[in-house]
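First up is the structure itself, then whatever we jot down about it.
Just the heavy atoms: all of them, side chains too, but no hydrogens, waters or symmetry mates, feed the values below.
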Amino acid sequence: MSDAAVSATAAVNNNNNPVLDCCGGLNNVDYSKVDMSVLQEALRHIDVSDSSFWFAVIAIIFNPLFWNVVARWEYRSHALTRLLGGPYLACYCLGFAIVLLNVYRSHSMTVVMQAQPRWELMAKDEVFYFGGALVVLGTLLVVSSFLALGFTGTFLGDYFGILMEDKVTNFPFNLVENPMYWGSTANYLGLALIGASPVGLVLTAIVAIVYKVALAFEGPFTEHIYRERSQHWKQK
C-alpha cells in the first residue's frame with residue numbers, strides 16, 4: 001500500500017474515531033450523547049415549590065453565616081464577653097445557639113425528605129447499607145473531632161481569645177481536614193441514601209457547598225488569629 005493510501009486510510013479512521021485532546025478540556029465532550037434520563041427521572045421526584053424545601057435551604061445557608069458573623073463581631077468588639085462576664089460563658093452561649101440551629105437544620109431536612117417522594121432506583125439494599133456506613137463514619141468523625149477539640153475548640157473559642165496551645169493533629173485530623181464539617185455532610189448523605197430521597201441528595205449537596213464557602217472564610221481568619229498570637233509572643 002502506498003504512503004498516500006495509508007494516509008488516506010488513517011484520516012478516515014481518525015474521522016470515525018476522533019481522538020480527544022486532553023488539553024481541550026470539556027470542549028471535547030459531546031454533550032448531545034450524554035444520557036440525561038437518570039437525572040431527569042431524579043428531578044421528577046423533587047418538588048422545589050414545597051415551602052419546607054426552602055425553609056431547609058435557608059437553614060442550611062443561615063447557620064454558617066450566623067456563627068461566622070457573630071464570631072468575627074465578637075473577635076473585634078468583645079461585646080459578648082463583656083455582656084456575659086467572660087469569654088468562656090460567651091463561647092458556651094454561642095455554642096449552645098449553634099447546636100440549636102443545627103438541630104433545626106437537621107429537623108427541617110428530615111421533614112423535607114419524609115414529605116417528598118422516594119426514588120425506587122435508590123431503594124436497594126446496597127444503597128441502604130452504604131448510607132448506613134456513611135452515617136457511622138460521619139458520626140465517628142463528628143464525635144471524635146469534638147473530643148479532640150473540646151467544647152471551646154469546636155465552637156469558635158479562638159474568636160473569644162480561648163486559644164489552643166498547639167494545632168490538633170491526632171485522629172480524626174490526621175485523616176481529613178475539618179472532620180466536623182465533612183462528618184456532618186456524610187451523615188446527611190447517608191440519611192438521604194437510607195431514605196432513597198433525591199431531595200435529600202440535593203440538600204446534602206447544598207450543605208457541602210455552603211461548608212466549602214464557609215471554610216474559605218474561616219480557615220484564613222483562624223490562621224490570622226494564631227499568627228497574631230505568635231507575633232505577640234515574639235514581642236514579649
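The distance from the CG atom of Asn174 to the OG1 atom of Thr169 is 7.5 Å, given to the nearest 0.5 Å. To the nearest 0.5 Å, atoms OG (Ser51) and CZ (Phe55) are separated by 5.5 Å. Remark: Met164 CE to Asp158 CG distance equals 8.0 Å, nearest 0.5 Å. Between atom NE2 of residue His107 and atom CG of residue Asn102 there is a gap of 14.5 Å, rounded to the nearest 0.5 Å. Here Trp67 contributes atom CH2 and Glu218 contributes atom CD; the two are 7.0 Å apart, rounded to the nearest 0.5 Å. How far CG of Leu203 is from CE of Met113: 7.0 Å, rounded to the nearest 0.5 Å.
Between the side chain of Thr204 and the backbone N or O of Gly200, at least one donor-acceptor pair lies under 3.5 Å. Using modelled atom types, no side-chain atom of Asn63 and backbone atom of Ile98 make a donor-acceptor pair closer than 3.5 Å.
Both Phe66 and Tyr75 sit in one connected hydrophobic cluster of ILVMFWY residues. Membership requires side-chain heavy atoms under 4.5 Å apart, directly or through other members. A single hydrophobic cluster is not seen to contain both Ile209 and Leu189; linkage of ILVMFWY side chains at heavy-atom distances under 4.5 Å, directly or through other members, places them apart. Note: the hydrophobic cluster containing Leu80 does not contain Val69 (ILVMFWY, side chain heavy atoms under 4.5 Å, direct or indirect links). Note on Val207 and Leu137: same hydrophobic cluster, where clusters join Ile, Leu, Val, Met, Phe, Trp and Tyr whose side-chain heavy atoms are under 4.5 Å apart, directly or indirectly. In the hydrophobic clustering of ILVMFWY residues, with side-chain heavy atoms under 4.5 Å counting as a link, Leu94 and Leu100 come out apart.
Heavy-atom minimum distance, Arg118 versus Ile194: NH1-O, 4.2 Å. Contact between Thr154 and Ser145 at its shortest, heavy atoms only, is OG1-O, 4.4 Å. Closest approach of Val111 and Ser52 over heavy atoms only: CG1-CB, 4.5 Å. When every heavy atom of Ala56 is checked against every heavy atom of Val112, the shortest pair comes out as CB-CG2, 4.0 Å. Residues Cys91 and Ile162 come closest through the heavy atom pair CB-CD1, 4.2 Å. Nearest heavy-atom pair across Pro198 and Pro117 is CD-O, 3.6 Å.
Aromatic pair Phe221/Tyr159: ring centres closer than 6.0 Å.
Classified by interplanar angle (parallel below 30°, tilted 30° to 60°, perpendicular above 60°), the ring pair Tyr181/Tyr211 is parallel.
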Exercise for the section: For the pair Leu149 and Val168, evaluate side-chain contact (heavy atoms from CB on, under 4.5 Å) and give the outcome as yes or no after the intermediate values. Expected result: CA-CA 7 Å; Leu149 293 174; Val168 178; 3.8 Å; yes
Handout entry: side-chain contact (heavy atoms from CB on, under 4.5 Å) assessment of Leu141 paired with Leu175
Key = CA-CA 9 Å; Leu141 290 175; Leu175 181 65; 4.2 Å; yes
Exercise for the section: Decide side-chain contact (heavy atoms from CB on, under 4.5 Å) for Phe160 and Phe155; before the verdict, give the C-alpha distance in whole Å, the side-chain angles of both, and the deciding distance to 0.1 Å. Expected result: CA-CA 10 Å; Phe160 293 83; Phe155 294 106; over 6 Å; no
Practice task
May I have the step-by-step check of side-chain contact (heavy atoms from CB on, under 4.5 Å) for Cys93 and Leu89, ending in yes or no?
Solution key: CA-CA 6 Å; Cys93 288; Leu89 182 56; 4.3 Å; yes
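Counting only heavy atoms from C-beta outward, the side chains of Val135 and Thr139 approach each other to under 4.5 Å. At least one side-chain heavy atom of Leu193 sits under 4.5 Å from a side-chain heavy atom of Leu201. The closest side-chain heavy-atom distance from Phe62 to Arg105 is not below 4.5 Å. With contacts defined as side-chain heavy-atom distances shorter than 4.5 Å, the pair Trp182/Glu177 does not qualify.
Other residues, nucleotides and ligands contribute only 12 or fewer heavy atoms inside 6.0 Å of the CZ atom of Phe130. A 6.0 Å sphere centred on CZ of Phe173 holds more than 12 heavy atoms belonging to other residues, nucleotides or ligands. Enclosure of atom OH in Tyr129 is not indicated, since only 12 or fewer non-hydrogen atoms of other residues, nucleotides or ligands lie within 6.0 angstrom.
Thr152 and Tyr92 share no donor-acceptor pair across their side chains, judged by distance under 3.5 Å alone. Under 3.5 Å, the side chains of Thr81 and Glu74 contain a donor-acceptor pair of N or O atoms.
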